[in-house]
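Numbers restart at 1 for each chain; the letters A, B, ... are given by sequence-line order, proteins then strands.
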Protein chains: 4
Amino acid sequence: MPESTCRNAHERTIAIPADRNAEPAASRTAVVSRTGPKRSESIRLAVLHAADDLLVERGFNGVTIEGIAARAGVAKQTVYRWWKSKVDILLDTLADDARDALAWRGGGEDAEAELKAQLRRIAGFFQQPAGQVLRALLGHAQTDQATARALREGFLREQRERDLLGLRAVLERHTGRPVPEPTVDTLLSVLLGPLYYQALVHDAPPAPELLDATARHVLDLAVRTDAPKPGQAAAT
Amino acid sequence: MPESTCRNAHERTIAIPADRNAEPAASRTAVVSRTGPKRSESIRLAVLHAADDLLVERGFNGVTIEGIAARAGVAKQTVYRWWKSKVDILLDTLADDARDALAWRGGGEDAEAELKAQLRRIAGFFQQPAGQVLRALLGHAQTDQATARALREGFLREQRERDLLGLRAVLERHTGRPVPEPTVDTLLSVLLGPLYYQALVHDAPPAPELLDATARHVLDLAVRTDAPKPGQAAAT
Amino acid sequence: MPESTCRNAHERTIAIPADRNAEPAASRTAVVSRTGPKRSESIRLAVLHAADDLLVERGFNGVTIEGIAARAGVAKQTVYRWWKSKVDILLDTLADDARDALAWRGGGEDAEAELKAQLRRIAGFFQQPAGQVLRALLGHAQTDQATARALREGFLREQRERDLLGLRAVLERHTGRPVPEPTVDTLLSVLLGPLYYQALVHDAPPAPELLDATARHVLDLAVRTDAPKPGQAAAT
Amino acid sequence: MPESTCRNAHERTIAIPADRNAEPAASRTAVVSRTGPKRSESIRLAVLHAADDLLVERGFNGVTIEGIAARAGVAKQTVYRWWKSKVDILLDTLADDARDALAWRGGGEDAEAELKAQLRRIAGFFQQPAGQVLRALLGHAQTDQATARALREGFLREQRERDLLGLRAVLERHTGRPVPEPTVDTLLSVLLGPLYYQALVHDAPPAPELLDATARHVLDLAVRTDAPKPGQAAAT
DNA sequence: CACTAAGCGAGACGGTACGTCGAGTCTTCCG
DNA sequence: CGGAAGACTCGACGTACCGTCTCGCTTAGTG
């Protein structure tokens, strides 16, 4: 659970610089005795909240390190000590907030209802502050390689894994049979595509009809794809 | 065909100075004959190309008005005279370049092949410079209201109309019957969603399998939705 | 009566061959055929007044060619056609306005009263718009060679001549004898020095006592300097 | 001795942060101990010298904040941090340089010689860089209220006090009696008027004869004004 | 307990870009 | 040709943040 991509991040959790960068790993334990005060958790939270608030209030460009520091009542250098950019801060925010909001709550009910509920949850997520953060980061990632990479290898990868797990469970409950990985992968894109498309491109929650239709289609496809002729499996 | 969202835009295309300053609004067309030198088209193009190049080379944040002016070999003030921001310039770029790349070329062939070809064209578009521009603008629009609005009411609205027309034609050719508007609308989102999702979120071209599957699903749905029992119709 | 120091100035006067510079007076009327409309006198006045007004309202830096043109309701290029800078315009203004305000009105009364009246007139001049113009130009001349030169060789030289004439007349009436040039010159500086000093340095009208004292001193000095022993004569 | 009219000025000379931000005015002296790096004196001097040099080389209009910053090898923002305009900088320059150049060096010799020496010193001052600065500021003050005010309430007031002290000392030595304030004041204007007049209006050092004559007149007047009938006292 | 390494607030500094203003030149069209 | 209109280049304005740095205080282990 790397909440910060910053170099110093680990120092917060582990007092003795541990797995950091492998190279200067040698004479570490001996030399670095690490005295002095610990990183203030309240500062960390103040910064994350300040960033979040500013993003919601003023948009991505309205978020500045100086603004965050000012609003968090913290010195600029303190921010730079722990994060290397505002993107870095927002990634932390995301990690803290988004996981729960996008979790698959496996209700025991019927698969279709559960799937629709999950879609509605995701659609709602984009309206919340944490959703704004994701949108901002995805937006920035469109033209910033570093952000794209960090998102892809961090939050997006993990989220996709959670989604795959969740969706597979639903599909298997629905079809009563195991569903192969590639199929789930494709179906996940079919499922999420229209949702993200509406959120990111049309800046509007998808119509309930679209959500329902999508959910039904996916379940339908799972049944059919999964059927007798397995050679028809789709891919990524 | 507003290629510039700037106040003066119309003067270029329309000879009669339109929405300029509101005060002397009266006897306009007659009195103000607009003397003096005309806007230089070569400068306009130089600026659009400079912006495009910089975007591709350095990303959205690497695009600055000063940078554009410098690369276009033009004074900064000249840029500000015609565009009010870099977003405004990129919107112009988009209008000039994207329409063609996303046009539905109605091949007489079978509907499925045509649909797949169109999807492939769109997927390819995101790899081109003009696609980069769209991605950048969509990205910026995530947290900038003004950009979001301009995109939505300009390029996106027009493009969606063209897409609706194109998709309807394909569907009707495929089903052999007229297809109601709401259905086309929903199907368009089903069709484009996964595509945009892959491009914007995963920064990767969608797998051919996904494209094919999506195309097939949509045609399939059109047939079924369109069928005898009209109560099953999907919506926006 | 050089109303404009601009290169193009002749074009105006050549049209109406006037009293301008005496040298090229010959082949004037014959050679210059001069077609097209004549320079508009109303525009000239509009520009001068606009400049004057702006100076009084906004100070020297508030005077801009564009501002003048706008207020005069004239195209910028028209201003540039006839004057080469705002200084040039203000010099014109000065020539038109200041002469009268600073004229020595030879009252037949006693010399001391006349001198004091003249001093009061000069002191009052600095409060008027034309006085503002002179102050502005003198101010600018402190660090601008071209302005300094133009002022010195134009208005200041002429004004000093008029002052010398006026003062000599007064002194001779007072002493009843001719007064040598160098003496008048020195006394003029003694007379005007404190006045200009108060106006330019302390930005305040000189106290009446100072004016009176100065006037009396100068008359006194004229009597004494002028006296039997000529070795005591002062110089430039 | 305020060498800078800028808000932060006091922090340099006085250790206790003075008039900075008004809000946390309470427990000031105790709590806010002003940490962080101190203002760089070398930068301050580099800026003042750069301004001075540019003024001499290029005139008042040739002095720009950007030019100063560039020549001083300093970031523009650093200049703006400490001075709010180029006038502000020049005022600082003046305070640093002019005082000494215009000081009354009380030689024990006879009063007339001392007075003449002082006049010659002042005349010489206008030829030096610091004199250029004063001329430039006086020039600018002709049409800029803020500059006029700053000069009047700062340098000019202080200098006039020093001059009054110096002149009174000379006069009292000369006459052997105390000289009343109003008399000294008037005589100072009589003394300096022609000098400043020559420097500011005619841009030329006053003729030695004028200096000598002025010095003699003033001493003469002091003797006479000061004489038996005290009702004759002059004023400002 | 003193030492010392960090955390931290404060802010100076060199930069880059912003968006605006005016200067002065040039171009086009009208009368 | 005079003049209106205004496009254009250029230079400076004053501002906002950037990211780095230096100071001096405070705080918590460790020796």
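In the set E:dC8, F:dT9, E:dC18, E:dC18 carries the atom at the smallest distance from any side-chain atom of B:T64. Of the candidates F:dA4, F:dT9, E:dG9, F:dT9 carries the atom nearest the B:A75 side chain, counting heavy atoms from C-beta on. Among the nucleotides F:dA4, E:dC18, F:dA7, the one closest to any side-chain atom of C:T78 is F:dA4. When distances run from any side-chain atom of D:Y80 to the nucleotides E:dT27, F:dC13, E:dC18, the shortest one goes to F:dC13.
Ranked by how close their nearest DNA chain E nucleotide is to the 5' end, C:V63 and B:K38 are led by C:V63. Summary of the strand contacts: D:K76 and C:K76 both lie near DNA chain F, and taking for each the nucleotide with the nearest heavy atom, the more 5' one is attributed to C:K76.
If you take CD1 of C:I43 and P of F:dA5, they are 11 Å apart, rounded to a whole angstrom. Rounded to whole Å, the distance from CD on D:E41 to C1' on E:dA12 is 14 Å. Atom CZ of C:R44 is separated from atom P of F:dG2 by 17 Å (rounded to the nearest Å). Note: NZ (D:K86) to P (F:dG14) measures 9 Å, nearest angstrom. A straight line from CZ of A:R81 to C1' of E:dA10 spans 12 Å, rounded to a whole angstrom. Rounding to whole angstrom units, CD of residue B:E66 and C1' of F:dA16 are separated by 14 Å. In this structure, A:Q77 places its CD atom 13 Å from C1' of E:dA6, rounding to the nearest Å. Going from atom CH2 of B:W83 over to atom C1' of E:dC18 covers 18 Å, rounded to whole Å.
For A:S40 and E:dG7, the shortest distance from a side-chain N or O to OP1 or OP2 is not below 4.0 Å. Side-chain N/O atoms of C:W82 include none lying less than 4.0 angstrom from OP1 or OP2 on F:dG2.
Residue C:G73 is classed as a sugar-phosphate contact, given heavy-atom separations below 4.0 Å to backbone atoms only.
Cation-pi contact between D:R44 and D:W82: absent, since separation from the ring centre below 6.0 Å together with deviation from the ring axis within 45° is not met.
The main-chain N or O of D:H140 is never found under 3.5 Å from a side-chain atom of D:D144 such that the two would form a donor-acceptor pair.
C:I65 and C:S85 make their closest contact through CD1-C, 4.0 Å (heavy atoms, listed as atom of the first residue, atom of the second, distance). The nearest pair of heavy atoms linking D:T147 to D:L137 is CG2-O, 3.8 Å.
Evaluation of the salt bridge (charged side-chain N to carboxylate O under 4.0 Å, His left out) test over residues 67-78 of chain A, restricted to residues two or more places apart or in two chains, returns A:D53-A:R71, A:E57-A:R71, A:E66-A:K76.
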